[in-house]
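These notes concern the structure reproduced below.
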Amino acid sequence: MLQNGDLVIIQTCNKALLKDPGKGYQEWLLCVFTGSVGINRWRFLIGALKDLDCSLRKLNSRLFVLRGKPEDVFPKLFNEWNVTKLTYEYDTEPYSLNRDEKVTSLAREHEVEVIYKISHTLYNIERIIEENGGKPPLTYKCLQAIVQKLGPPKKPISAPHLENMKDVKTPWSEKSEEKYGIPTLEELGLESTSLGEELFPGGEQEALRRLDEHMKKTAWVCSFEKPKTPPNSLSPSTTVLSPYVTFGCLSARTFWWRLTEVYRGRKHSDPPVSLHGQLLWREFFYTGSVGINNFNKMEGNPVCTQVDWDTNPEYLAAWREARTGFPFIDAIMTQLRQEGWIHHLARHAVACFLTRGDLWISWEEGQKVFEKLLLDGDWALNAGNWQWLSASAFFHQFFRVYSPIAFGKKTDKTGDYIKKYLPVLKKFPPDYIYEPWKAPRSVQQAAGCIVGKDYPHPIVLHEQVSKKNIQRMKEAYAKRSSDCNESPIKEQGVKRKALSVSEMLQKKIRKE
DNA sequence: TCCGGTGTTGGTGTA
DNA sequence: GTACACCAACACCGG
């Protein structure tokens, strides 16, 4: 329980503020300009901090936002405020582990008691690894088996009430506002006029409202199957609760148990495709990120296939800036930049396109772009999913390539999604909206959009380049298996591979 | 140790 | 409309 003089730091909410600082305030601002947090994410975070401050004020307290490098700021504060206790939420990201270790040892030097809680994930991630014999599970099934053994996640505890806080005094004056107030976009040197409508305001209140709104739809929750939700609907086909979970506005455990309530006594979908399943995917990638070295890199990452990706700044810029000439891809990248959220399958489409599908650019480059632009950008999930999509780890069927033309058509024949985000194409007829370069000149003129002038030509020939890339992936995999295993055991593996065609024939004969 | 089945969410062509 | 083979042939799991 809180006592006089306690310092409460809400760790998940101020992560970005404390990240990558230089030596002083100026350098910290510099890191904002070049760093990994885009303006939409800043806006979300600021909203979340305002909401948190608002909730704390209802408890006769407030939020203090510190500016500077944690190892400089904390020792001063320990002395100035006579701090006796420091509490934080355990965070498994390497940057955070390092920071928290430093701050913890400084706290001990100042005789400040440090208490941390594991609450960002459903389970204690290290416990999952331990249960699997010291290794992170590399398949979802394996993770499922482990959590089965561990039982359901802990129940969330309720937020503090006014009566819990009755002996707590938080002294502050108007002067504190200047020093400890919540930063504004202007203070961060960001141009807010470029911002679009705030579709997903940050904060716990909004998170809980959004959760309620979705949990009311019992039938929808019970029949939810992620792969069946369209990536290109005009409004999101999934909950968009991920940014709230990422920033600690919504506890994964609260989400989990609310779902359990909705499921109770009803027929419902199951992991991996259900909503429970989505939370377990989060757990899956968190476990990988803790148990696998260099998880956000290809080199030095033991589970990651080593691929000779190209360095192609022109292609990368075209992808990032939504000018690949493939309307489906460009529309998704536009939505990402404008709104900070895109559907999971839309992420698949653009990630496959950037890496193994078309442009043959390293998934690490895509990872950087997503980290900056996604409201729900999460270190572990971002790295894990990019490895998945590029068929570098976890997923290996590299010959399954998303078509930048056909994939979107399945759920949006008329291309309304494309027209929404690429207004330049809005007069294109459905027959050509996914492939405007195929439209006759007269159609382009009638649509008021000439390909090559008003909208770019496609930067690659998908049919050709994707076939070539499958071959390159095949080579990377072949190299992988020969590198990993030069022992005679692998000889048999090779033999088996060579026999696979006849094996298939035999199988066919047996069936008949 | 071997074998067969499976893997959250592909595309295309044919019957 | 739907089911299936094919693309090419990996990693992992369980029997």
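Proteins come first, then strands; the chains are lettered A, B, ... in the order of their sequence lines, and each starts at number 1. We use all heavy atoms of the structure for the numbers below, so side chains are in, but hydrogens, waters and symmetry mates are not. Computed from a predicted model, the values in this text were never measured in an experiment.
- Comparing dG7(B) with dA8(C), their P atoms are spaced 23 Å from each other, to the whole Å.
- At dG7(B), none of the side-chain N or O atoms of R400(A) fall inside 4.0 Å of OP1 or OP2 (strictly under the cut-off).
- If you check residues 221-240 of chain A against DNA chain B, the residues with a heavy atom closer than 4.0 Å are K226(A), P227(A), listed by number.
- Between the side chains of S119(A) and E89(A), a donor-acceptor pair is found at a separation under 3.5 Å.
- For H276(A) and dT8(B), the NE2 to P distance is 19 Å, given to the nearest whole Å.
- The pair E204(A)-R209(A) fails the salt-bridge criterion, with no side-chain N (NZ, NE, NH1 or NH2) lying under 4.0 Å from an Asp/Glu carboxylate O.
- To the nearest angstrom, C1' of dA11(C) lies 11 Å from CH2 of W388(A).
- For DNA chain B, no neighbouring residue in residues 328-337 of chain A is found when judged by any heavy atom under 4.0 Å.
- With respect to the salt-bridge test (charged N to carboxylate O, under 4.0 angstrom), the residues D376(A) and R347(A) qualify.
- The pair K297(A)-E299(A) fails the salt-bridge criterion, with no side-chain N (NZ, NE, NH1 or NH2) lying under 4.0 Å from an Asp/Glu carboxylate O.
- For D431(A), the side-chain contact (heavy atoms from CB on, under 4.5 Å) test picks out no residue, with sequence neighbours left out.
- We find that NZ of K468(A) is positioned 17 Å from P of dA8(C), with the value rounded to whole Å.
- Rounded to a whole Å, the CD1 atom of I470(A) is 12 Å from the P atom of dC7(C).
- The nearest whole Å value for the distance from the CG atom in L138(A) to the C1' atom in dC10(C) is 13 Å.
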**Message:** In dot-bracket form, 5' to 3', how is DNA chain C paired? Count Watson-Crick and G-U wobble pairs only if both distances fall under 3.5 Å, and write | where the partner sits on another strand.
**Reply:** .||||||..||||||

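- If you take NZ of K479(A) and P of dC10(C), they are 16 Å apart, rounded to a whole angstrom.
- Note: Y477(A) and H396(A) have perpendicular aromatic rings, judged against thresholds of 30 and 60 degrees for the angle between ring planes.
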Interface polar pairs with nucleotides 11-13 of chain B, N/O, under 3.5 angstrom:
unit_1: dG11(B); atom_1: OP1; unit_2: S403(A); atom_2: N; d: 3.4
unit_1: dG11(B); atom_1: OP1; unit_2: F407(A); atom_2: N; d: 3.3
unit_1: dG11(B); atom_1: OP2; unit_2: K410(A); atom_2: NZ; d: 2.9

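- Aromatic pair Y263(A)/H276(A): centroids less than 6.0 angstrom apart.
- Atom CZ of R282(A) is separated from atom P of dT8(B) by 19 Å (rounded to the nearest Å).
- Remark: E339(A) engages no residue in a salt bridge (charged side-chain N to carboxylate O under 4.0 Å, His left out) (not counting sequence neighbours).
- If you measure from atom CD of Q387(A) to atom C1' of dA11(C), you get 15 Å, rounded to the nearest angstrom.
- Under the ring-ring contact (aromatic ring centres under 6.0 Å, His included) test applied with W281(A), the options W388(A), F394(A), Y286(A) reduce to a single match, W388(A).
- For H396(A) and A145(A), each mapped to the nucleotide of DNA chain C holding its nearest heavy atom, the one lying further toward the 5' end belongs to H396(A).
- F353(A) and Y402(A) have their aromatic ring centers separated by at least 6.0 angstrom.
- To the nearest whole angstrom, the two P atoms, one in dC4(C) and one in dG5(B), are 15 Å apart.
- Contact annotation for Y477(A): backbone-only contact, meaning every heavy-atom pair under 4.0 Å involves sugar-phosphate atoms and none involves a base.
- If you run salt bridge (Lys or Arg N to Asp or Glu O under 4.0 Å) between K368(A) and each of E364(A), E371(A), E365(A), only E365(A) comes through.
- With rounding to the nearest 0.5 angstrom, the OG1 atom of T92(A) is 7.0 Å from the NE2 atom of H120(A).
- Salt-bridge check for R127(A) with E131(A): passed, with a basic side-chain N closer than 4.0 Å to an acidic carboxylate O.
- Using a cutoff of 4.0 Å between basic side-chain nitrogens and carboxylate oxygens, R472(A) and D308(A) are scored as salt-bridged.
- Separating the C1' atom of dA5(C) from that of dT8(B) is a span of 23 Å, rounded to the nearest Å.
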